[in-house]
Q: 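After the structure tokens below, expect a handful of questions from me.
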Amino acid sequence: MTLLWPRELTGDAVTVAPRLLGGLVVHRGVAVRLTEVEAYTGADDPASHAYRGPTARNAAMFGGPGHIYVYLSYGIHRAANIVTAPAGTAAGVLLRAGEVVGGGETARSRRPGVPDTRLASGPGNLGRVLGLGLELSGHPFEVVPRLGGRLADAGPDDPHLLFVPARPAAAEISRGPRVGVGAAGDRPWRFWITGDPTVSKYRRGGTGR
DNA sequence: CTTCGGATTGGCT
DNA sequence: GCCAATCCGAAGA
């Protein structure tokens, strides 16, 4: 069963970001429960890839809510956003960290020697564990109410992109400045599950303030 | 065309 | 705390 992209996960990225926490992202045989996310908007956000308008690279950010935007970070890592803005406008939520809750064997094979709590800690690591590729950018998430047997059926090569929404308790959510961004780095648009061991280590950006 | 540096990470001082 | 890895968009000559 597939649902429409939820209304409460559509619109302003700063509002939507904390609501994504606890949700499951599933791809290529691995399921990750989101524990840390970061909001990016468009023309008003100097740190956003969409700041200067649409380009070939960021086109997916303008593709409408429930789509994925994957980009190459530092020439090495693949990082993913969930797009929240209506088609034609840009806003997205960067998936910064999560807990591997399914497909552990596959996840560990993609990051050998890494402790379980660190498997998807950081946007690049999360992308690696899920086996994300740039060709995925612009594709829609399939929303399913429960994971059910979907993961068991899926092998490490299953290209389906699934999202299972959750209902995080507001009391368990912390908020702070974004990680590693220069411009507008002080905007408190990073959200994480308080005390969760899979949350990435904070690093200050270069030219913030 | 050339140069600069980033929504990162892991390793080393 | 510092730095290299490695690609590409943006900006400058």
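First the proteins, then the strands, lettered A, B, ... as listed; each starts at 1. Heavy atoms only: backbone and side chains are in, while hydrogens, waters and symmetry mates are out.
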Q: What is the distance from OH of Tyr69(A) to P of dA7(B), rounded to the nearest Å?
A: 10 Å
Q: Return the value, rounded to whole Å, for the distance between atom NE2 of His77(A) and atom C1' of dG10(B).
A: 9 Å
Q: For dC12(B), which nucleotide in any strand shown is its Watson-Crick or wobble partner with both distances under 3.5 Å?
A: dG1(C)
Q: What integer distance in Å separates Arg111(A):CZ from dG11(B):C1'?
A: 14 Å
Q: Is it true that Arg178(A) and Asp45(A) have a side-chain N and a carboxylate O under 4.0 angstrom from each other?
A: yes
Q: By the 4.0 Å heavy-atom rule, please label Arg52(A) as base, sugar-phosphate, or nothing.
A: sugar-phosphate
Q: Between P on dT6(C) and OH on Tyr71(A), what's the gap in Å once rounded to a whole number?
A: 19 Å
Q: Does the dG10(B) base have a donor-acceptor partner in the side chain of Arg203(A) within less than 3.5 Å?
A: yes
Q: Could you work out the separation of dA7(B) and dA11(C) based on their P atoms and round it to a whole Å?
A: 13 Å
Q: Using whole Å, what does the distance between atom C1' of nucleotide dA10(C) and atom OH of Tyr51(A) come to?
A: 13 Å
Q: Is it the case that the side chain of Asp186(A) and the backbone of Pro177(A) share a donor-acceptor pair, with hydrogens and angles ignored and the cut-off at 3.5 Å?
A: no
Q: Please tell me which of the listed nucleotides, dG10(B), dA7(B), dG6(B), lies nearest to the side chain of Asn125(A)?
A: dG10(B)
Q: What's the CZ-P distance between Arg78(A) and dC8(C), to the nearest Å?
A: 10 Å
Q: Round to a whole Å and report the spacing from CG of Asn81(A) to P of dT8(B).
A: 11 Å
Q: Please check if the side chain of Arg111(A) supplies one atom and the backbone of Arg118(A) the other of a donor-acceptor pair under 3.5 Å.
A: yes
Q: Can you check whether Asn58(A) has a side-chain N or O nearer than 4.0 Å to OP1 or OP2 of dA7(B)?
A: no
Q: Under a 3.5 Å limit for both distances, which nucleotide forms a Watson-Crick or G-U wobble pair with dT6(C), could you say?
A: none
Q: The side chain of Ile76(A) is closest to which nucleotide in this list: dT6(C), dT9(B), dA7(B)?
A: dT6(C)
Q: Would you mind reading off the distance between Leu72(A) atom CG and dC7(C) atom P, rounded to a whole angstrom?
A: 8 Å
Q: I'd like to know if the side chain of Arg28(A) reaches the main chain of Thr106(A), judged simply by a donor and an acceptor atom lying under 3.5 Å from each other, with no hydrogens or angles considered.
A: no
Q: Under 4.0 Å between a side-chain N/O of Arg57(A) and OP1 or OP2 of dA10(C), yes or no?
A: no
Q: Could you tell me whether a side-chain N or O of Thr84(A) sits under 3.5 Å from a main-chain N or O of Gly11(A), the two making a donor and an acceptor?
A: yes
Q: Need one value for Ala47(A): base, sugar-phosphate or nothing, where a base atom within 4.0 Å counts as base even if backbone is also close, heavy atoms only.
A: base
